[in-house]
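Scroll down for the structure; my scribbles are underneath it.
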Amino acid sequence: MPDGSNPHLPGTDLKVWLNGRIVHMDDAKISVFDHGVLYGDGVFEGIRAYNGRVFQMEAHMRRLYEGAGAICLRIPIDAKAFEQAIYDTLKANRLQNAYIRAVVTRGSGYLGLHPSKTADPSVFIITCSLALYPLELYEKGMAIVTASTIRNHPHAVSAQVKSLNYLNNIMAQIEATQAGAVEAVMLNHEGYVAECTGDNIFIVRRGQLLTPPGSAGILEGITRAVVMELARRRGIPVHEKNLTRHDLYVADECFLTGTGAEIMPITAIDQRPIGCGKIGLMTRQLLEDFRACTRGEIDVQV
Ligand code: PMP
């Protein structure tokens, strides 16, 4: 939009935390010379608050600071100050239940890749109400497709770094949309299942819960870790194992996990119904446990 307003946030009046100040969204601006814009040079986190409590705050801060450290990016505030900034942003927006986007860019510099060309990193925090997927999909399950775009090679920048460069995943997302789906499975360079564009993937096979390992080049999601722990507490055997597309097609159940998605049941992949094409029992149980976890009724720290 020429005036800079966002057509996807009509009528919203959000306050954004930007480099230590809370400003109106229209004034939350960063430079065109910021290396986050020029090169995707930076890291981010997607976090969630339930009833005023930030879910798995420590794990998100750990991943943010570790990711920044791995790309030699020094976040100008410490984790405690970052946590406070998140709570301040939620308060400024009067939000109890929210999606939180925390971003650190390399900062404003000049053309030329090297970070020595930048000044201080930029930090900003956006909080908003968000329903990632339509509610009805949690009732009837979602159909997904396999994308031809593969996940980043694990020997390139690690997928554990939630970097500002999501182009592979965006290309896979476009493929999903073109196929009439909302999510796509991405394979890795060896043809094994990695994850979806913004979610991890699990299958249930003969009573066991299976999910690709970190070595498949996935982002080891925080929701994924919570779900694995909840499954273990239910006595369900959990294995991290390389999976093929065939494994997905013959699974009894399948679901995705992510901060935005929570647990999304999958009932079809590449037009093949999964199990009996309905949401499976283990998926339902884990979703129930996960919701209890977000309400603080089950305590899991990952
Ligand atoms: N994989 C990718 C590629 C992601 O971007 C995300 C986060 N949206 C996830 C998995 C899920 O991670 P988390 O559970 O930590 O949100």
Side-chain angles (χ1 to χ4, degrees), residues 40 42-50 54-68 70 86 98-104 126-128 130-133 142 144 146-147 149-154 156-176 182-189 192-203 209 211-231 238 240 243 254-266 286-287 289-291 293-294 300-302:
V43 288
F44 75 100
E45 269 302 313
I47 316 172
R48 213 149 152 166
Y50 296 96
V54 174
F55 188 63
Q56 301 294 334
M57 176 74 103
E58 260 185 58
H60 283 286
M61 287 298 113
R62 201 184 316 128
R63 185 166 70 187
L64 182 69
Y65 280 79
E66 281 180 3
I86 289 174
Y99 179 81
I100 300 153
R101 174 60 57 91
V103 183
V104 185
I126 302 168
T127 58
C128 58
L130 177 89
L132 184 64
Y133 295 125
M142 188 161 99
I144 56 174
T146 310
T149 309
I150 63 162
R151 191 67 171 94
N152 299 54
H153 195 291
V157 173
S158 169
Q160 305 307 332
V161 177
K162 235 172 123 55
S163 88
L164 292 178
N165 192 323
Y166 253 56
L167 259 185
N168 275 34
N169 299 40
I170 290 166
M171 296 321 294
Q173 180 65 232
I174 289 171
E175 288 185 56
V182 278
E183 245 300 15
V185 179
M186 300 181 78
L187 308 177
N188 66 15
H189 65 296
Y192 289 113
V193 173
E195 59 182 334
C196 287
T197 67
D199 305 304
N200 291 114
I201 188 162
F202 285 83
I203 59 170
L209 191 60
T211 194
S215 57
I218 62 164
L219 175 74
E220 291 178 69
I222 289 164
T223 321
R224 171 183 181 273
V226 171
V227 166
M228 286 162 76
E229 175 58 19
L230 290 171
V238 183
E240 295 177 70
L243 300 173
C254 178
F255 61 84
L256 311 183
T257 62
T259 293
E262 300 180 317
I263 296 180
M264 170 56 73
I266 299 301
L286 290 170
L287 184 53
D289 289 355
F290 186 78
R291 295 249 158 94
C293 218
T294 64
V300 174
Q301 298 300 324
V302 298

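We count ligands from 1, going down the list as the structure has it; atoms in each ligand are counted the same way. The figures that follow rest on heavy atoms only: side chains count, while hydrogens, waters and symmetry mates do not.
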Inset, instruction - Starting from atom 7 (C) of ligand 1, find the nearest protein heavy-atom neighbour and note its residue, name and distance. - result: Lys162 NZ, 3.3 Å
Inset, instruction - Give the residue and atom name of whichever protein heavy atom lies nearest to atom 14 (O) of ligand 1, and the separation in Å to one decimal. - result: Thr223 OG1, 2.6 Å
Legend entry - Thr197 touching ligand 1 at heavy-atom level, < 4.0 angstrom: yes
Legend entry - Interatomic distance, Ile201 atom CD1 to Met264 atom CE [nearest 0.5 angstrom]: 12.5 Å
Legend entry - Asn152: which of Leu219, Asn168, Val161 passes side-chain contact (heavy atoms from CB on, under 4.5 Å): Asn168
Inset, instruction - Please confirm whether Gly198 comes under 4.0 Å of ligand 1, counting heavy atoms of the residue only. - result: yes
Inset, instruction - State the atoms of ligand 1, each with its element, that fall below the 4.0 Å cut-off from a heavy-atom position in Gly221. - result: 12 (O), 13 (P), 14 (O), 15 (O)
Legend entry - For Asn200, the ligand 1 atoms whose distance to one of its heavy atoms is below 4.0 Å: 10 (C), 11 (C)
Legend entry - Sub-3.5 Å N/O-N/O distance, Thr259 and ligand 1: yes
Legend entry - ligand 1 atoms in contact with Arg63 (distance to a heavy atom under 4.0 Å): 15 (O)
Legend entry - Distance-only N or O hit between ligand 1 and Leu219, under 3.5 Å: no
Inset, instruction - Could you list the atoms of ligand 1 found under 4.0 angstrom from a heavy atom of Gly258? - result: 11 (C), 14 (O), 16 (O)
Legend entry - Side chain Gln160, main chain Arg63, donor-acceptor under 3.5 Å: no
Inset, instruction - Using modelled atom types only, decide if a donor and an acceptor are shared between the side chain of Glu262 and the backbone of Arg291 within a distance under 3.5 Å. - result: no
Inset, instruction - Give the intermediate values and the outcome of ring-ring contact (aromatic ring centres under 6.0 Å, His included) for residues Tyr166 and Phe44. - result: CA-CA 11 Å; Tyr166 253 56; Phe44 75 100; 5.4 Å; yes
Inset, instruction - May I ask you to decide if the ring planes of Phe255 and Phe202 are parallel, tilted or perpendicular, using 30° and 60° as cut-offs? - result: parallel
Legend entry - Under 3.5 Å side-chain donor-acceptor pair for Glu183 and Thr197: yes
Legend entry - Protein heavy atom at shortest distance from atom 5 (O) of ligand 1: Tyr166 OH, 2.5 Å
Inset, instruction - Report, as yes or no, whether the 6.0 Å neighbourhood of atom CZ on Phe290 holds more than 12 heavy atoms from other residues, nucleotides or ligands. - result: yes
Legend entry - Side-chain (Asn200) to main-chain (Gly258) donor-acceptor, under 3.5 angstrom: no
Inset, instruction - Check each atom of ligand 1 against the heavy atoms of Ile222 and keep those under 4.0 Å away; list them by number with element. - result: 13 (P), 14 (O), 15 (O)
Legend entry - Element-labelled atoms of ligand 1 that are located less than 4.0 Å from some non-hydrogen atom of Arg151: 3 (C)
Legend entry - Min heavy-atom dist Glu220 to ligand 1 below 4.0 Å: no
Legend entry - Minimum-distance pair of heavy atoms, taken over all atoms of Ile47 and Thr259: C-CG2, 3.6 Å
Legend entry - Heavy-atom nearest neighbour in the protein, as seen from atom 2 (C) of ligand 1, with distance rounded to 0.1 Å: Glu195 OE1, 3.5 Å
Legend entry - Interfacing atoms of ligand 1 (cut-off 4.0 Å, heavy-atom, Asn169): 3 (C)
Inset, instruction - Mark yes or no for whether Glu175, through its side chain, and Ala184, through its backbone, hold a donor-acceptor pair below 3.5 Å. - result: no
Legend entry - N or O pair under 3.5 Å between His60 and ligand 1: no
